[in-house]
Amino acid sequence: MTEHLTPHEGRKAPAARPTAPAAPRGALLRSPQTPQGARDTSPGASVPPTSEHSQPSASEPDPGRPRPAPDGVPGQPGPSGPPDGEERRTGRPRPPGAGPVAMRRDGDRLRFVGAATRRIARGIDLDEIVMGLCRATVPTFSDAILVYLRDPLPVGDERPAGPLVLRLRRTDRLRSIEEGAEEPDTAGGTLPSLQVVQPDITDVMGTAELCEVRHGGALAEVLRGVRPVFADSAAARAALPELLGEGRTVPTGRRAILAPLRGRRRVIGAAVFLRRPDRPAFEADDLLVAAQLATHSALGIDKAVLYGREAYIADELQRTMLPETLPRPTGVRLASRYLPAAETARVGGDWYDAIPLPGSRVALVVGDVMGHSMTSAAIMGQLRTTAQTLAGLDLPPQEVLHHLDEQAQRLGSDRMATCLYAVYDPVSHRITIANAGHPPPVLLHLGGRAEVLRVPPGAPIGVGGVDFEAVELDAPAGATLLLYTDGLVESRLRDVWTGIEQLRERLAATAQLTGPDHPPPLEALCDEVLDMLGPGDRDDDIALLAARFDGIAPSDVAYWFLEPESATPSRARRLARSALARWGLEELTDSVELLVSEVVTNAVRYASRPITLRLLRTDVLRCEVGDDVPQLPRLRQARATDEGGRGLYLVNKMARRWGATRLSTGKVVWFELNRS
């Protein structure tokens with residue numbers, strides 16, 4: 001190539017090609033008003049360079065379009081185009097009635113493909129990607145688009161079952177401005193209200209929603225070929241009626257492109273690009289554009305489906321790791337909340353739990369595994385299961401934390417977590433708490449005073465070689481205990497102790513709204529606590545467990561120690577009968593005497609130390625019999641010749657609920673009866 005100096009720049013520039021103008025590279029490379037290969041030589045007109053890779057000048061305005069164009073996408077001339085019907089690039093007058101000027105050079109086409117793929121890539125979920133494809137191509141590249149996707153969409157490497165079915169996912173088309181009307185834009189602004197202007201495009205837009213691809217049919221062959229084809233090709237003429245439905249047609253000539261959408265492993269759909277008769281027809285280079293758009297869209301859809309599956313798995317994992325519902329133990333009311341760190345990270349290591357214990361007690365647990373990932377959630381699930389198992393053994397809180405620490409060390413050297421374990425006894429109105437590096441609980445008293453409980457902090461779980469200390473505190477009736485994770489009180493904007501003080505003040509202010517004699521509703525209190533979070537306070541997961549202590553009045557409890565001797569069952573019946581008479585529950589006397597006699601007789605047979613008998617009157621009547629034998633009784637069907645073995649069978653038939661729990665000192669067998 002020869003070079004010569006330009007007078008303006010004083011440097012060499014490529015000389016014009018000496019040969020005749022090359023064959024056109026597509027309808028978008030030239031204006032409908034300029035003959036192929038001709039150049040504008042009118043005075044004052046800017047002569048566009050002939051190089052197919054040249055770019056327009058930076059001061060050149062982008063063509064307009066009826067609605068806001070995608071960022072950086074060359075658009076069609078519209079109301080904001082050149083004045084008085086002039087050509088945008090040359091300034092020459094356009095003939096009356098001339099249509100919109102499409103992209104005329106490869107530079108325009110490359111800029112369009114780059115901007116369109118960037119817009120498609122911005123989408124995260126399936127709808128955003130498909131909408132990005134539609135908004136990027138209409139009206140810059142086509143006047144209408146139909147997007148079909150497999151139904152259902154395969155995920156990852158799974159093999160689809162059943163026939164290949166395509167569902168019309170979205171349509172978009174060029175519309176004209178209707179004066180004075182507006183519709184909302186997805187970006188928050190407004191767009192002019194639009195109406196269809198071309199009947200041939202309208203006919204296609206009303207296509208069938210579902211299409212089953214016949215094995216070996218014309219549509220299957222086009223999809224298998226992967227490459228876009230013109231609608232006037234033999235393959236497309238046979239495939240489009242199968243896709244659109246019988247009787248549906250597309251504009252004649254090269255005014256439609258059928259582009260398969262292929263993901264990483266298989267075809268996942270198809271896109272149909274259409275142009276009106278008054279626009280230049282598609283040409284060979286437009287097939288490359290359609291192929292680029294289809295490839296980027298298909299890969300984005302593949303990733304969106306995988307992301308959706310991962311988000312679903314994360315949600316299901318977190319849901320199964322946390323309690324689906326809270327129990328309703330006697331003497332305490334419970335409420336809880338869980339908030340993930342972000343919408344894109346919905347799993348974490350925070351957990352809470354409420355576990356019923358023997359003697360109408362309840363264990364309250366809240367913990368936090370470091371991080372908020374799938375690994376943290378899996379470790380949290382193992383620690384939560386371990387805590388539930390240890391609670392079933394009725395171990396003291398400090399022993400539970402000790403065993404959790406050993407379990408965390410078995411899981412790995414870097415498995416760290418904090419945990420707070422508390423046991424509430426509604427009969428004694430006391431609570432025992434042990435802490436492993438967790439933020440201290442807050443107790444809201446009935447009068448509205450909120451205090452941070454002084455609990456030894458201890459070391460986090462997983463450190464190893466440390467002891468945990470438990471403290472026993474009063475839990476007055478009407479008070480509310482709040483257990484939480486550090487995500488509620490700590491963030492980049494405040495330290496943990498500042499957050500705890502703000503939480504204490506928020507609880508006290510909320511309690512003042514209901515007065516000194518009425519505690520705030522538990523669910524509303526949890527909502528008020530979460531409202532204290534600001535826009536920058538969501539750096540971590542948040543687990544919240546609130547417990548309202550109602551307790552059991554001493555007048556509703558009857559408790560006795562009985563020696564394991566033959567006369568004990570009859571004495572137990574008399575004591576139960578007198579307690580029922582005192583409570584006005586004589587209608588339950590026969591049932592209670594029979595069941596107490598059976599359970600006490602079984603305890604006397606094997607016990608070596610005094611047994612306990614306790615009756616609790618709440619919304620139900622609960623009877624508990626404890627002994628020093630760890631073996632739990634099992635329900636079995638007695639044979640006709642057996643002299644015993646029918647006691648638990650009677651309990652199972654007559655009681656509302658019953659169960660047996662192993663203790664560190666033996667076991668407790670209990671049953672409940674409805675009071676009415």
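We number each residue from 1, following the sequence as shown. Basis for what follows: all heavy atoms, side chains included, without hydrogens, waters or symmetry-related copies.
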Quick one: does NZ or CZ of Arg109 land under 6.0 Å from the six-membered ring centre of Phe141, within 45 degrees of the ring axis? no
[X] vs [Y] side-chain heavy atoms within contact, under 4.5 Å:
X      : Y      : value
Arg167 : Arg150 : no
Leu306 : Arg264 : yes
Leu274 : Val272 : yes
Pro323 : Arg384 : yes

Looking at [Y], is its backbone amide N or carbonyl O close enough to the side chain of [X] to form a donor-acceptor pair, meaning the two atoms are under 3.5 Å apart?
X      : Y      : answer
Thr320 : Leu317 : yes
Thr137 : Cys134 : yes
Arg227 : Pro260 : no
Ser233 : Val229 : no
Thr117 : Gly114 : yes

Taken in chain and number order and not counting sequence neighbours, the residues that satisfy ring-ring contact (aromatic ring centres under 6.0 Å, His included) with Tyr484 are none
Working to the nearest 0.5 angstrom, can you tell me the gap between [X] [atom1] and [Y] [atom2]?
X      : Y      : atom1 : atom2 : answer
Leu411 : Leu383 : CG    : CG    : 6.0 Å
Leu126 : Met131 : CG    : CE    : 11.5 Å
Ile120 : Arg135 : CD1   : CZ    : 13.5 Å

Can you see which heavy atom on [X] is nearest to which on [Y], and at what distance?
X      : Y      : answer
Pro228 : Ile257 : CB-CG2, 3.8 Å
Tyr352 : Ala543 : CD2-CB, 4.2 Å
Gly349 : Asp541 : N-OD2, 3.6 Å
Arg214 : Glu242 : N-OE2, 3.1 Å
Gly269 : Leu166 : CA-CD2, 4.0 Å
Val226 : Arg262 : CG2-CD, 3.7 Å

Stepwise side chain to side chain contact (heavy atoms under 4.5 Å, CB included) test for Arg309 and Ile313: CA-CA 6 Å; Arg309 173 61 63 88; Ile313 293 174; 3.9 Å; yes
Check ion pair [X]-[Y] (N to O, under 4.0 angstrom):
X      : Y      : value
Arg169 : Asp151 : no
Asp143 : Arg276 : yes
Arg254 : Asp286 : no

Under 3.5 Å, is there a donor-acceptor pair between the Asp350 and Thr485 side chains? yes
Qualifying residues under salt bridge (Lys or Arg N to Asp or Glu O under 4.0 Å), relative to Asp527, sequence neighbours excluded: Arg337
